Q: 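Mind having a look at this structure? Questions to follow.
In each ligand, atom 1 is the first atom listed, and ligand 1 is the first ligand listed. Quantities reported herein were computed from a predicted structural model and do not represent experimental measurements.
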Amino acid sequence: MLHINDHYLKLSAGYLFPEIARRVSAFAQENPALAPRILRCGIGDVTEPLPQACIDAMHRAVDDLATRERFRGYGPPTGHDFLRRAIAEGDFRSRGIQVSDDEIFVSDGSKPDASAFLEILGTGNRIAITDPVYPVYCDTNVMQGNTGAALEGGGYAGITYLPCTPENAFDPAPPSDPADVVYLCSPNNPTGATLSRHSLERWVDWANAHRALICFDAAYEAFVRHPDVPRSIFEIQGARTCAVEFRSFSKSGGFTGVRCGYTVVPADLHGVARDGTRVPLHRLWSRRWATCSNGVSWPVQCAAAALYSGEGRAQSRALTDFYLGNAAVLRAACERLGLAVYGGIDAPYVWVRCPAGLSSWDAFDLLLREAQVVITPGAGFGRCGEGFLRISAFNSRTNVEEVARRLSALTARHAGAHA
Ligand SMILES: *Cc1c(COP(=O)(O)O)cnc(C)c1O
């Protein structure tokens with residue numbers, strides 16, 4: 001008899017994006033004249049083409065595959081040396097951070113890495129996540145059996161939730177409950193908040209004291225402009241014994257469809273086996289890649305390496321500057337509405353308190369109905385997201401400016417109605 005992984009049955013329905021799609025299509029059907037006006041600021045997918053340096057490198061790599069002399073078959077499962085070196089040098093050593101080439105594990109992205117990493121950890125680790133949160137950290141642990149059942153009103157039994165609200169500046173203290181794995185994301189999706197050096201120091205001290213692991217998601221580090229905001233957990237003294245870092249070219253290089261990222265696993269990081277021996281996670285993660293994967297394709301690794309050329313750097317910088325410019329326009333528009341606005345400074349997401357005490361979904365409906373603008377209801381990211389909206393800066397400038405105009409018109413209309 002075939003058994004399934006019963007933990008999958010605990011997952012609450014993937015409700016957020018399907019529900020957004022359902023409401024948008026219902027609105028479009030009932031209001032065919034307004035349907036073409038709908039502007040989407042909901043999904044966190046990039047909109048702009050790849051940097052030219054990546055396109056050129058990819059074209060050359062495809063041509064390699066067309067010749068017997070330069071043909072490439074299987075590569076090393078954890079990435080070609082030239083790419084691991086470019087990453088370790090470009091993202092870390094050149095910034096004074098000690099990371100060696102063989103601590104870089106190239107992959108097809110951070111979402112698969114965050115999920116696969118649980119394969120080398122024991123089951124039954126106690127998990128702490130922030131609320132609101134990128135749902136992947138939570139759901140992968142549910143699938144792995146690290147939680148209890150879904151709770152009425154959201155969340156899962158057995159997970160420690162760390163509320164992130166304006167009251168604590170989206171900077172939660174380490175939990176007093178025991179936890180073995182904590183997920184931190186800075187700059188944050190969905191709140192757009194960043195964690196300060198001081199707060200990361202506190203997390204690293206806590207993790208080392210409790211022999212816990214920090215899974216640090218730095219998918220948005222390329223958006224950091226303020227020099228005092230850490231871009232890597234490994235800027236913090238002591239992080240090499242308690243942290244891994246997930247990085248992705250999805251947002252920094254527009255690679256959401258190309259698929260490439262990497263995980264940093266320091267050689268000094270250990271977990272404990274059932275018999276009490278300390279085992280380096282680096283050894284297990286290397287073995288996991290060698291056994292389960294044949295790595296990332298040649299054209300994709302060549303495209304990723306091109307991001308570290310002089311040209312590539314400038315173009316990727318221009319790309320993130322562009323999205324940050326969008327974020328500034330969106331922030332300003334929301335501020336003009338008199339709303340409390342967070343994030344959107346070193347991050348491509350603007351996190352906005354809903355007007356007039358509306359719930360997230362009521363505000364979603366209002367913006368769709370009155371302005372034909374689609375945003376993401378904060379409640380979709382966790383209980384503490386209720387009462388907030390996430391507006392994505394991944395859009396064309398034309399669309400962003402139009403969204404800003406419609407938001408202003410909305411206030412004017414409402415102000416008119418009150419007059
Ligand atoms: C977009 C995003 C990623 C990147 O995922 P990929 O699988 O590399 O595309 C990782 N973490 C967060 C929080 C994200 O929003």
Q: Do Phe82 and Trp298 have ring centroids that are under 6.0 Å from one another?
A: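 Between Phe82 and Trp298, which both carry aromatic rings, the centre distance is below 6.0 Å.
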Q: Would you mind running through ligand 1 and noting each atom that sits below 4.0 Å from a heavy atom of Ser248?
A: 4 (C), 6 (P), 8 (O)
Q: Tell me whether Asp217 reaches ligand 1 (any heavy atom closer than 4.0 angstrom to a ligand atom).
A: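 Right, Asp217 reaches ligand 1.
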Q: Give a yes or no answer on whether the side chain of Ser115 reaches the backbone of Lys111 with a donor-acceptor pair at less than 3.5 Å.
A: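 No; zero donor-acceptor contacts below 3.5 Å.
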Q: Considering only the protein, which heavy-atom contact is closest to atom 15 (O) of ligand 1, and what is its distance?
A: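 Atom 15 (O) of ligand 1 sits closest to the protein heavy atom Tyr220 OH, 2.5 Å.
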Q: For ligand 1, which part of Ser250 has a heavy atom less than 4.0 Å away: the side chain, the backbone, both, or neither?
A: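 Within the 4.0 Å criterion, Ser250 contacts ligand 1 through side-chain atoms alone.
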Q: Any N or O on Tyr137 sitting closer than 3.5 Å to an N or O of ligand 1?
A: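 No, Tyr137 has no N/O under 3.5 Å of an N/O on ligand 1.
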Q: Should the heavy atoms of other residues, nucleotides or ligands under 6.0 Å from CD of Gln237 be counted, would the total exceed 12?
A: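 For Gln237, atom CD is not crowded (no more than 12 foreign heavy atoms under 6.0 Å).
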Q: So does Ile97 get a backbone contact from the side chain of Glu235, meaning a donor-acceptor N/O pair under 3.5 Å?
A: no
Q: Touching ligand 1 at all, Pro112? Heavy atoms, strictly under 4.0 Å?
A: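 Under 4.0 Å: yes for Pro112.
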Q: If the cut-off is 4.0 Å to any non-hydrogen atom of Gly109, which atoms of ligand 1 fall inside it?
A: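 With Gly109 as reference, the close atoms of ligand 1 come out as 7 (O), 8 (O).
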Q: In chain order, what residues pass the side-chain hydrogen bond (donor to acceptor under 3.5 Å, both in side chains) check against Ser252, with sequence neighbours excluded?
A: none
Q: Near Arg287 CZ, under 6.0 Å, is it more than 12 heavy atoms from other residues, nucleotides or ligands?
A: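 Open.
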Q: Take atom CZ of Arg211 as the centre, draw a 6.0 Å sphere, and report whether it contains more than 12 heavy atoms from other residues, nucleotides or ligands.
A: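 Not more than 12 within 6.0 Å, no.
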Q: Within ligand 1, which atoms have a heavy atom of Lys251 less than 4.0 Å away?
A: 1 (C), 2 (C), 3 (C), 4 (C), 14 (C), 15 (O)
Q: Identify the protein heavy atom lying closest to atom 7 (O) of ligand 1, giving its residue, its atom name and the separation to 0.1 Å.
A: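 Protein heavy atom with the smallest distance to atom 7 (O) of ligand 1: Arg259 NH2, 2.7 Å.
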Q: Where does Phe255 meet ligand 1, judged by heavy-atom distances below 4.0 Å: at the side chain, the backbone, both, or neither?
A: neither
Q: Need the ligand 1 atom indices (1-based, order shown) with element for anything under 4.0 Å from a heavy-atom of Lys111.
A: 5 (O), 6 (P), 7 (O)
Q: At the 4.0 Å heavy-atom cut-off, does Phe249 count as touching ligand 1?
A: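 Contact check Phe249 vs ligand 1: negative.
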Q: If you apply the rule side chain to side chain contact (heavy atoms under 4.5 Å, CB included), what do you find for Phe105 with Phe117, and how did you get there?
A: CA-CA 12 Å; Phe105 294 78; Phe117 207 77; over 6 Å; no
